[in-house]
Structures are given as structure tokens and as C-alpha cells.
A.B. asks: 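Got a structure for you, written out below as C-alpha cells; questions coming shortly.
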Amino acid sequence: MKKIDAHAHLGYIGGWANVGMDVDELISLMDTYEIETTMICVLDNEVAYKAMQKYPGRIEGCVYVNPLEPDCLDLIDKYVKLGFKAIKLQPLRHAYCADSEIVDPILDKAEEYGIPVCIHSGHPPYSLPWQIGLLAERHPNCKVLMIHMGHGHGVYIDAALKMARRYSNIYLEMSGMPMHTKIKEAYDTVGHDRIMFGTDTPFHHPTVEMQKVLMCGVDEQGLEDIFYNNAKKFLMYRQN
């Protein structure tokens, strides 16, 4: 079954993680597990751009920006014009709250370009689902992808589902989230088109993330939607 990976990384991530992968290794994994396209987030956007050039159509980029940096909007302008399909925010890494007013210009810019914003979720005090809900509420015309749909804490996973049910512009990505049953719950109660597959490679192996979807209890159409259709519609389409 063909797939789109809505969330992965390139390069070496040191410190506690001590993991890494280059673009050729990523493509090899994609070929093995029928992943047609992968959306990558790289701190150095030039690395992502070179990967896109080397494997056009297989690798697509998210502009990785820090709203605390003065050039963040310029980076979005530059890389969206080079073909990047989304914006990536990592409040935990850069130490700002996801609902902070400093994030508003980023979402305004995303709405201007007709692209989604992908936000890491699941870690206090910066990236809690409630904070992402408040941000989405302020920007109802911007699509927000809650990466990890609350991550590893059951209360945060439940909150991610509640926020997505409350705000129709919130979508969910399931990498790193351990409760396979919550994938079906999202599909059934949030929307058939608002939950999508991701791996968070190199932090997780595709087989681990795939198995959660395969075992979650959705039917064949649900598998096709989660593995492929939803991300195709969400990430590969631009309004202008």
C-alpha cells in the first residue's frame, strides 16, 4: 500500500537522541516500505532544499523557522518560493509557547501562501495541545497539523483529540504516539480526512509507525486515507 510520510527529519540529531540519517538512507527506507513521498523538516533549510533537488517528488520540504528570530518571515518567503509545501514550528526546541503572540505572523504568512503549519506537540510547558488549540482558534483559516497528536502522554493524546474535534482547522499526525486505538478514534470522531501517517524518522523506524496504523482497527478505506490520501490532499496542495 503506497504511503506519504507526513513528518521526518534528515541529518544527525545529537544529545539525548543520538540518531541520524542522510537523504540516500531515507530514500532506501522509502523504497522498502512503499513510501512515495516524505515531508522533511531540517533545521538548515538549505539541506532540505538540496534533498528536494536530488530527489524531486520523493522529498518535499517544510520551512523550519523560529519565530524568535528576526528573519523568520523572510525564510518563509524564500523557501516557499523554492517549492516548500509547509512550515514547521518546534516550540520545545526554541523555547516559546505554541499559543504565544509571536507565532501569529507565521500563521498569517502561511495563510497568505495557502500552506499548512506543522507544530510539534506533547511537551510542557511549550507545546501542549491546549496551546495549539488556542493558536488554531485565533487563525481559523490556517490549517494546523498537530505533529505526534499529543505524543506519549495519555492526557495530552486525549487533549489533542478534543482540540481537533473543537477546531476544524486542526489535523493530526500520529508518529511517536503509542496508543494505536487513538488513531481509529481520531479517524472516527475528528474526521476521516484529518489524521495522517508519519514516521518521525530517524527517531522511529517506519515499520513501528506502520504497525500502529495497521492494527488500529480502521477498514481498508481508512488505511488508504491515513497512509496516503489525507496527506496527499493536505500537504501537496497549495491555494496559490
Side-chain angles (χ1 to χ4, degrees), residues 1-11 20-64 76 79-90 110 113-120 143-149 171-177 183 186-187 192-214 218 220-240:
M1 181 178 292
K2 63 182 180 179
K3 304 168 190 71
I4 291 173
D5 183 350
H7 179 62
H9 303 270
L10 287 181
M21 181 172 293
D22 65 28
V23 68
D24 297 321
E25 292 170 317
L26 178 60
I27 289 291
S28 179
L29 272 182
M30 291 167 62
D31 290 341
T32 300
Y33 297 105
E34 298 182 288
I35 298 173
E36 181 179 282
T37 303
T38 293
M39 297 294 301
I40 59 169
C41 312
V42 188
L43 275 173
D44 184 345
N45 290 299
E46 276 299 303
V47 172
Y49 181 56
K50 289 176 182 177
M52 292 166 60
Q53 290 180 304
K54 186 172 184 179
Y55 294 103
R58 301 296 309 281
I59 302 294
E60 299 287 358
C62 299
V63 190
Y64 206 133
I76 294 171
Y79 287 102
V80 170
K81 290 173 183 175
L82 289 173
F84 283 52
K85 295 293 197 299
I87 297 168
K88 167 67 184 290
L89 296 174
Q90 227 302 8
Y113 282 115
I115 59 174
V117 174
C118 308
I119 306 180
H120 176 92
K143 291 183 177 180
V144 175
L145 181 62
M146 195 184 300
I147 296 169
H148 310 306
M149 56 184 290
Y171 294 69
L172 302 173
E173 181 272 337
M174 43 60 63
S175 68
M177 191 281 301
I183 297 172
Y187 187 76
H192 288 185
D193 62 342
R194 290 169 60 199
I195 169 73
M196 61 196 74
F197 169 72
T199 65
D200 203 20
T201 302
F203 294 95
H204 311 125
H205 196 276
T207 53
V208 176
E209 302 302 329
M210 288 164 53
Q211 194 65 21
K212 291 188 300 188
V213 179
L214 292 170
V218 298
E220 190 72 14
Q221 182 61 55
L223 293 176
E224 292 178 7
D225 288 341
I226 295 168
F227 274 131
Y228 188 82
N229 296 334
N230 294 345
K232 183 77 171 180
K233 180 180 178 181
F234 182 81
L235 291 165
M236 303 305 166
Y237 171 74
R238 282 174 60 179
Q239 294 174 359
N240 50 24

A.B. asks: If you look at every heavy atom in Leu172 and Ala186, which pair is closest and at what distance?
C.D. replies: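 Scanning both residues completely, I find the closest heavy atoms to be CD1-CB, 4.0 Å.
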A.B. asks: For Glu36 and Tyr228, test the side chains for any donor-to-acceptor distance below 3.5 angstrom and give the result as yes or no.
C.D. replies: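 Side chains of Glu36 and Tyr228: pair found under 3.5 Å.
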A.B. asks: Kindly determine whether Tyr55 and Asp24 satisfy side-chain hydrogen bond (donor to acceptor under 3.5 Å, both in side chains), including the steps that lead there.
C.D. replies: CA-CA 9 Å; Tyr55 294 103; Asp24 297 321; 2.5 Å; yes
A.B. asks: Locate the shortest heavy-atom distance separating Val117 from Leu89; write the atom from each residue and the value.
C.D. replies: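 Looking at all heavy atoms of both residues, the closest pair is CG1-CD1, 3.6 Å.
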A.B. asks: Please determine whether a side-chain nitrogen of the Lys or Arg among Asp44 and Lys50 lies less than 4.0 Å from a carboxylate oxygen of the Asp or Glu.
C.D. replies: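 Here Asp44 does not pair with Lys50 in a salt bridge, since their nearest N and O are not under 4.0 Å apart.
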A.B. asks: Can you give me the closest heavy-atom contact between Ala86 and Cys118, atom names plus distance?
C.D. replies: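 Minimum heavy-atom separation between Ala86 and Cys118: CB-SG, 4.0 Å.
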A.B. asks: For the residue pair Tyr33 and Thr199, establish whether any side-chain heavy-atom pair is separated by less than 4.5 Å.
C.D. replies: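 No. Closest side-chain heavy atoms not under 4.5 Å.
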A.B. asks: Does a side-chain heavy-atom distance below 4.5 Å link Phe84 with Met39?
C.D. replies: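 Heavy-atom side-chain distance check fails, nothing below 4.5 Å.
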A.B. asks: Does a side-chain heavy-atom distance below 4.5 Å link Lys2 with Phe227?
C.D. replies: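 Answer no - side chains too far apart.
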A.B. asks: Would you indicate whether the side-chain heavy atoms of Phe234 and Arg194 approach each other to under 4.5 Å?
C.D. replies: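 Of all side-chain heavy-atom pairs linking Phe234 with Arg194, none is under 4.5 Å.
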A.B. asks: Once rounded to the nearest 0.5 Å, what's the spacing between atom CG of Asn229 and atom CE of Met196?
C.D. replies: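 Taking CG in Asn229 and CE in Met196, the distance rounds to 11.0 Å.
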A.B. asks: Asp200: which residues meet the side chain to side chain donor-acceptor pair (under 3.5 Å) condition with it, sequence neighbours left out?
C.D. replies: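 By the side chain to side chain donor-acceptor pair (under 3.5 Å) rule, Asp200 matches His7, His9.
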A.B. asks: Can you sort out the partners of Glu220 under salt bridge (charged side-chain N to carboxylate O under 4.0 Å, His left out), two or more places apart, ordered by chain and number?
C.D. replies: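 So Glu220 forms no salt bridge (charged side-chain N to carboxylate O under 4.0 Å, His left out) with any residue.
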A.B. asks: Side-chain contact test, heavy atoms from C-beta onward, threshold under 4.5 Å: evaluate it for Ile59 versus Met30 and give yes or no.
C.D. replies: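 Of all side-chain heavy-atom pairs linking Met30 with Ile59, at least one is under 4.5 Å.
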A.B. asks: Short question: side chain of Asn45, backbone of Tyr64 - any donor-acceptor pair under 3.5 Å?
C.D. replies: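 Side chain of Asn45 to backbone of Tyr64, a donor-acceptor pair under 3.5 Å: yes, one is there.
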A.B. asks: Is any side-chain heavy atom of Leu29 closer than 4.5 Å to a side-chain heavy atom of Met21?
C.D. replies: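 Side chain of Leu29 against side chain of Met21, heavy atoms only: contact under 4.5 Å found.
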A.B. asks: Flag the pair Ile195 / Met174 as yes when at least one side-chain heavy-atom distance between them is below 4.5 Å, and no otherwise.
C.D. replies: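 They are in contact (side-chain heavy atoms under 4.5 Å apart), so the answer is yes.
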A.B. asks: Would you say Ile147 and Lys88 make side-chain contact, with heavy atoms under 4.5 Å?
C.D. replies: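 Ile147 vs Lys88: side chains touch.
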